[in-house]
K.L.:
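First, the structure itself, so that you have it in front of you.
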Amino acid sequence: MIGLLRRGLARGFDLAERGLNRLAGPALNPLAQLGALGFFLFWIVAVSGIYLFIVFDTGVENAYTSVEWYSTTGHRWHAGVMRSFHRYASDMMVVVMALHLLREFSRDRYRGARWFSWITGIPVIWFLYMSGITGYWLVWDQLAQYIATTSTELLDWLPIFGEPIARNFLAPSSLSNRFFTLLVFLHIAIPLVLLFALWIHIQRITRPRVNPPRVLAALTMLALLAVAIVKPAMSQGAADLARVPSPIGLDWFFLPLYPLADAAPGALWGLLAAATVMLAAMPWLPPLRRMQPATVDLDHCNGCGRCVEDCPYEALQLVPRSDNLPYQVEVTVNPDKCVSCGICTGSCPSSTPFRSIGPLDTGIDLPDVTFASMRERLHELAAQAASSPRLLVIGCWHGAAGAREGILSLPCVSAAPPSLIDYALSRGFVDGVVIAGCSESACYNRLGVEWMQQRIAGERDPYLRTRVPRERILQVWASPTEGARLDREIDAFRARLATLAEAPSPEPAAETPTNVREAAS
Amino acid sequence: MKLPVSMPRLVGLFAVLAAVMALAAAFSNAPAYRQIPAGTGVIKFSFSHSASRECRRRTPAELAKLPPNMRRPLDCPRGRRGIFAELAIDDVVVFSEELPPSGFAKDGPSQIYRRFVVPAGERTVAARLRDTPRATGFDHERVETVTVKPGQSLALDFRPEHGGFIWR
């Protein structure tokens with residue numbers, strides 16, 4: 001059931017992302033920047049909130065009039081716009097958060113070693129809602145009055161308060177200024193806790209994207225400005241506890257469950273508790289069948305730190321050397337954080353297939369998909385390749401080539417070191433290499449696509465040697481629903497290869513482990 | 001500044017972002033929600049009131065057993081009795097409950113907060129409360145005909161210092 005839901009959602013996201021990729025490219029695709037956009041919107045809300053707070057009055061009488069001042073003729077173009085920024089950016093945070101949660105779920109990036117990011121996202125949801133609800137309360141218009149009475153009635157359902165706090169809103173005479181002072185404190189404190197929760201949320205990932213690309217940020221601001229001008233955020237009439245605010249314009253992002261609170265507060269608490277428990281249990285419903293984490297072979301590790309640099313999940317660390325080899329540090333793997341993507345194997349300078357002496361060990365390897373098995377598979381595929389031009393397809397499990405036969409299938413294309421491509425071509429095993437990874441906007445292992453692109457472009461160590469003819473390499477970044485595009489691109493690649501001179505014939509390897517270590521150091 | 005994509009594509013992306021934000025703005029205060037049906041009002045029945053403690057006069061024999069400095073004639077347990085409250089609107093009892101004292105030691109006030117949606121118009125509201133050991137009848141009562149306007153919120157509180165039930 002969960003799998004079906006996940007696949008359905010994944011297909012929906014794929015379609016949407018493909019469209020946005022075509023429009024703006026993967027770098028500016030908003031769906032690929034949901035986390036970063038969430039942070040960006042938070043800062044917009046924070047800055048606009050500070051601006052609005054300057055003239056906000058916390059008194060019962062003056063709260064509403066001070067907020068109304070924002071929208072008066074003379075102040076509409078600064079305070080009014082800032083108020084709209086504050087409200088709509090908050091709403092957009094809910095949208096972005098919901099999409100982010102659904103997207104990570106659909107990509108199956110919430111189980112296994114990724115449980116931490118998922119679980120720490122749950123308090124973020126709660127704190128975001130609490131921040132928004134306390135903010136609406138401060139305006140002290142009719143919506144605020146509705147929120148105040150309904151929220152307190154909801155809280156009173158819990159047997160934790162001595163006197164029903166809803167009594168504070170029984171009649172106009174029962175409300176005090178101090179209540180607003182408390183609310184202001186809450187509306188500042190809770191977002192700070194939210195920021196802290198966001199910081200915790202990104203602790204187990206390397207290079208978290210907390211800032212969207214500048215162009216996307218600028219367009220987001222412009223879009224907010226356009227909406228703020230066309231449909232400025234307004235109050236809904238001063239609160240009057242002698243009247244029931246009805247009908248009322250609800251914010252359906254922050255308050256979709258409030259009608260249920262009116263009808264059955266117990267049911268709402270039950271729903272919220274069940275949803276929270278369900279979300280918290282999801283990483284283990286069922287647990288991910290995890291591959292064995294990466295292991296380090298100190299005989300082939302000189303502590304260069306390239307794998308530490310490339311690991312997307314902070315699973316690797318450099319520690320003082322524990323053996324007698326003449327290096328200062330060595331790599332250790334935190335198995336709890338390792339997602340077994342193999343990117344570390346691809347970044348290790350010891351991962352060179354040119355060696356012919358001894359077993360093909362490398363500095364850091366996946367026990368379930370060893371580097372030696374990659375080379376062995378390459379030899380098998382090269383031997384089977386009949387039609388010319390002969391191709392080696394290095395496919396990511398999570399991309400368009402994931403389920404295909406007759407390819408070098410890996411948990412991430414970046415698990416293959418550039419030297420493997422060099423080996424396949426320079427030794428004449430194949431005429432061309434196809435790297436078929438995840439969609440650029442949705443790399444399952446976060447950084448696999450980026451690292452492979454940079455390695456081939458010679459921008460990231462380990463580089464693909466300049467001697468490797470780039471025209472014999474095809475990079476296809478395609479999601480599982482883009483199999484047809486992958487086929488088309490491979491066919492076109494075959495046609496291009498047919499026009500090139502043949503690759504050299506296979507010849508024996510010559511490098512030794514000693515040479516490799518020297519080269520790496 | 002070199003743009004990562006062409007200007008028409010940027011305009012397209014701006015249009016997508018603006019459309020999403022317009023949608024967010026539209027749902028930020030619509031569609032409207034009606035908490036109570038048209039032509040109705042609300043009567044809130046709420047109070048926080050402590051029943052008296054049930055003290056017992058100690059017998060001379062009991063007093064004699066106590067240390068001299070603790071010989072108080074009345075034995076007043078910490079806990080209080082509950083309060084029985086009733087609310088009838090147009091002779092229909094809409095609330096009738098024994099309200100237990102609050103707190104772990106059951107020594108706090110009994111509390112109630114209930115909201116009743118009633119049709120607008122003249123309503124006869126009868127509020128009754130029993131906070132003494134009597135088994136039947138009530139210690140406080142207020143019966144009154146009030147005019148509930150559409151959308152009006154009336155609060156019926158209990159303040160012994162103001163003579164019992166009061167409208168707020």
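Protein chains get the first letters and strands the later ones, always in sequence-line order, with residue 1 at the start of each.
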K.L.:
Report which part of A:P259 has an atom under 4.5 Å of a heavy atom belonging to chain B: side chain, backbone, both, or neither.
P.N.:
both
K.L.:
Of the backbone (N, CA, C, O) and the side chain (C-beta and beyond), which part of A:S90 lies under 4.5 Å from a heavy atom of chain B, both, or neither?
P.N.:
neither
K.L.:
Any donor-acceptor pair under 3.5 Å linking the side-chain atoms of A:E153 with those of B:Y113?
P.N.:
yes
K.L.:
Between A:Y258 and B:Y33, does the ring pair (Phe, Tyr, Trp, His ring centres under 6.0 Å) criterion hold? Intermediate values first, please.
P.N.:
CA-CA 10 Å; A:Y258 267 56; B:Y33 166 68; 9.4 Å; no
K.L.:
Is it the case that more than 12 heavy atoms not belonging to A:R178 sit under 6.0 Å from its CZ atom?
P.N.:
no
K.L.:
Hey, which of A:M234, A:K231, A:R87 has the most heavy atom pairs under 4.5 Å with chain B?
P.N.:
A:K231
K.L.:
Is it the backbone or the side chain of A:D262 that comes under 4.5 Å from a heavy atom of chain B, or both, or neither?
P.N.:
both
K.L.:
With heavy-atom distances below 4.5 Å as the criterion, would you say the side chains of A:L241 and B:S153 are in contact?
P.N.:
no
K.L.:
Looking at B:G12, B:A30, B:A19, which makes the most heavy-atom pairs under 4.5 Å with chain A?
P.N.:
B:A30
K.L.:
Taking every non-hydrogen pair under 4.5 Å, which of A:S174, A:P245, A:A89 racks up the most with chain B?
P.N.:
A:S174
K.L.:
Is it the case that over 12 heavy atoms from other parts of the model lie below 6.0 angstrom from the CZ atom of B:R71?
P.N.:
yes
K.L.:
Heavy-atom distance under 4.5 Å to chain B: side chain of A:F169, backbone, both or neither?
P.N.:
backbone
K.L.:
Take atom CZ in B:F27; do more than 12 heavy atoms of anything else shown fall under 6.0 Å from it?
P.N.:
no
K.L.:
Are any side-chain N or O atoms of A:W252 and backbone N or O atoms of B:S28, one a donor and one an acceptor, separated by less than 3.5 Å?
P.N.:
no
K.L.:
Using the side-chain contact (heavy atoms from CB on, under 4.5 Å) rule, take A:L222 and B:F14 through it: C-alpha gap first, then chi angles, then the decisive distance, then the call.
P.N.:
CA-CA 8 Å; A:L222 276 176; B:F14 168 77; 3.7 Å; yes
K.L.:
Quick one: what part of B:P31 sits under 4.5 Å from any heavy atom of chain A, side chain, backbone, both or neither?
P.N.:
both
K.L.:
Atom NZ of B:K44 and atom OG1 of A:T149: how far apart are they, to the nearest 0.5 Å?
P.N.:
5.5 Å
K.L.:
With a 4.5 Å cut-off on heavy-atom pairs, point out which of B:L10, B:V5, B:L13, B:V16 contacts chain A the most.
P.N.:
B:L13
K.L.:
Of the listed residues (B:A155, B:G103, B:A15, B:A24), which shares the most heavy-atom pairs with chain A below a 4.5 Å separation?
P.N.:
B:A24
K.L.:
If you check every heavy atom in residues 13-27 of chain A against those of chain B, which residues fall under 4.5 Å?
P.N.:
A:L20, A:R22, A:L23, A:A24
K.L.:
Is it the case that atom CH2 in B:W167 sees more than 12 heavy atoms from other parts of the structure closer than 6.0 Å?
P.N.:
yes
K.L.:
Taking side chain as everything from C-beta outward and backbone as N, CA, C, O, which of these in A:S84 sits under 4.5 Å from a heavy atom of chain B? Side chain, backbone, both or neither.
P.N.:
neither
K.L.:
Short question: side chain of B:Q35, backbone of A:V244 - any donor-acceptor pair under 3.5 Å?
P.N.:
no
K.L.:
Side chains of B:S46 and A:R167: donor-acceptor distance under 3.5 Å anywhere?
P.N.:
yes
K.L.:
Can you tell me if A:E61 has over 12 outside heavy atoms packed within less than 6.0 Å of its CD?
P.N.:
no
K.L.:
Sort and list the pairs that fulfil ring-ring contact (aromatic ring centres under 6.0 Å, His included) and have at least one residue in residues 79-102 of chain A, not counting sequence neighbours.
P.N.:
none
K.L.:
Give the member of B:L154, B:I112, B:V42, B:I36 that has the highest number of heavy-atom pairs under 4.5 Å with chain A.
P.N.:
B:I36
K.L.:
Pair A:M221, B:L17 - check side-chain contact (heavy atoms from CB on, under 4.5 Å), show working.
P.N.:
CA-CA 10 Å; A:M221 288 282 281; B:L17 290 170; over 6 Å; no
K.L.:
Is A:F254 in contact with chain B via its backbone, its side chain, both, or neither, using a 4.5 Å heavy-atom distance?
P.N.:
neither
K.L.:
If you tally heavy-atom pairs under 4.5 Å against chain A, which of B:A38, B:A25, B:A32 wins?
P.N.:
B:A25
K.L.:
A:A233, A:A242, A:P164: which one forms the most heavy-atom pairs within less than 4.5 Å of chain B?
P.N.:
A:A242
K.L.:
Only pairs of heavy atoms separated by less than 4.5 Å count here; which of A:P213, A:S173, A:A166 has the most with chain B?
P.N.:
A:A166
K.L.:
Walk me through it: do A:T220 and B:M21 pass the test side-chain contact (heavy atoms from CB on, under 4.5 Å)?
P.N.:
CA-CA 9 Å; A:T220 304; B:M21 283 180 202; 3.4 Å; yes
K.L.:
Give the minimum heavy-atom separation between A:V227 and B:A18, together with the two atoms involved.
P.N.:
CG2-O, 4.0 Å
K.L.:
Roughly how far, to the nearest 0.5 Å, is CZ of B:R115 from OG1 of A:T150?
P.N.:
6.5 Å
K.L.:
Among the options A:A226, A:P172, A:G162, pick out the one with the most heavy-atom pairs lying under 4.5 Å from chain B.
P.N.:
A:G162
K.L.:
Looking at chain B, which one of A:E163, A:M92, A:Q236 has the largest number of heavy-atom pairs inside 4.5 Å, strictly under?
P.N.:
A:E163
